[in-house]
Amino acid sequence: MTTLTGLIGYPISHSLSPLIHGYWLEQYNIDCAYKLFTTPPARLRQTMNHMRRKKLKGLNVTVPHKQTVIAYVDEIDATAKNIGAVNTILVEGEKLIGTNTDASGFLASLKEGVGELTPYLENIVVLGAGGATRAVIVALQEAGAKRITLTNRTAARAADLVEEFSQAGGARLGYVEWESREELLKTATLLINTTSLGMHGMERLELSLTNLSTDAAVIDIVYAPLETELLKNARARGCKAVDGLGMLMHQAAFAFAAWHGVMPKVDATLRNKVLATLATRIKEEAAR
Ligand code: ATR
């Protein structure tokens, strides 16, 4: 019998998850569907009740439900608790268990891009203090980061994250004002953009990399465009640069593994399929 997985969020019509999961489901010959369940915030309770009745195999959760969905699951695991958000729901008997694969997805992508992580964990600069930043901090702490400095347009959000995540121990956490972000780059071993700046349709990320060592690595969580201005500038300096598509595909891989018991490969064919879809979309949007 065909089983069911899928994604709840709003809006999600442009989600790449059906393509990614569909590719692996076919590759591993698993009789399961992956569907989009468009869920405006006011319908979250109703959708979650519906999902329980449908006897799902699992569910992905995206914006704007990653935090609010916690009220509708029976348990959340330690990773979801640390991040404070759920992006994947597992079904164990009658129970819905919330977990989060964003941190492992981020780490897998970073490792794939830079190789041995140790040299990059000394002095990490993180741009942003939103939902994505939380998963990135958890990932970095797990990886053994030494020092993490946040910088965000709204400094109070960075201050809150520093306070919250300092309690977990591990990395030394701090923040500096957004206006001083270029100064911070002087000692950075790894620079991470977790803001939406540089994404199609969003504002530019204004950041000169003149202060950044050529030994440093740069990772962007933005994947549309794939080669952001930040990554282009990083590569031009000779820095290792990692795009945001890796995190998207690896977080999906961890969810797939949790549901289906097989760790799927993030291979070049999949990456090219995703890139082709993104390119088509950009063309369609430009034609509108
Ligand atoms: P997500 O959950 O995807 O991380 P978010 O919580 O809205 O989304 O966070 C978006 C991040 O991009 C935030 O760090 C945000 O800064 P603020 O906390 O000041 O809002 C950052 N961001 C968005 N637009 C920005 C802009 N024009 N300039 C600087 N930072 C911006």
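All ligand and atom numbering here is 1-based and tracks the order in the structure.
Looking only at protein heavy atoms, the nearest one to atom 10 (C) of ligand 1 is Ser196 OG, 4.3 Å. Atom 27 (N) of ligand 1 has its closest protein heavy atom at Arg153 NH1, 3.3 Å. Considering only non-hydrogen protein atoms, atom 9 (O) of ligand 1 sits nearest to Gly130 CA, 3.6 Å. Looking from atom 7 (O) of ligand 1 to the surrounding protein, the closest heavy atom is Arg157 NH1, 4.5 Å. Nearest protein heavy-atom neighbour of atom 1 (P) of ligand 1: Gly131 N, 3.6 Å.
Under the 4.0 Å criterion applied to side-chain N and carboxylate O atoms, Lys111 and Glu116 are not assigned as salt-bridge partners. Residues Glu122 and Lys146 are paired through a salt bridge, judged by an N-O separation under 4.0 Å between the basic side chain and the carboxylate. Arg52 and Glu94 are not joined by a salt bridge, as no carboxylate oxygen comes within less than 4.0 angstrom of a charged side-chain nitrogen. Here Lys66 pairs with Asp102 in a salt bridge; the nearest charged N to carboxylate O distance falls below 4.0 Å.
Distances from atom 14 (O) of ligand 1 to the heavy atoms of Leu197, Thr154, Thr195, Asn152 put Asn152 nearest.
Remark: atom 3 (O) of ligand 1 lies closer than 4.0 Å to no protein heavy atom.
Shown in contact with Ala132 at under 4.0 Å from a heavy atom are these atoms of ligand 1, numbered in order with element: 1 (P), 2 (O), 4 (O).
Each of Thr99, Leu59, Ile8 was scored for a side chain to side chain contact (heavy atoms under 4.5 Å, CB included) with Ile89, with one residue passing: Leu59.
For Asn211, the side chain to side chain donor-acceptor pair (under 3.5 Å) criterion is met by no residue, not counting sequence neighbours.
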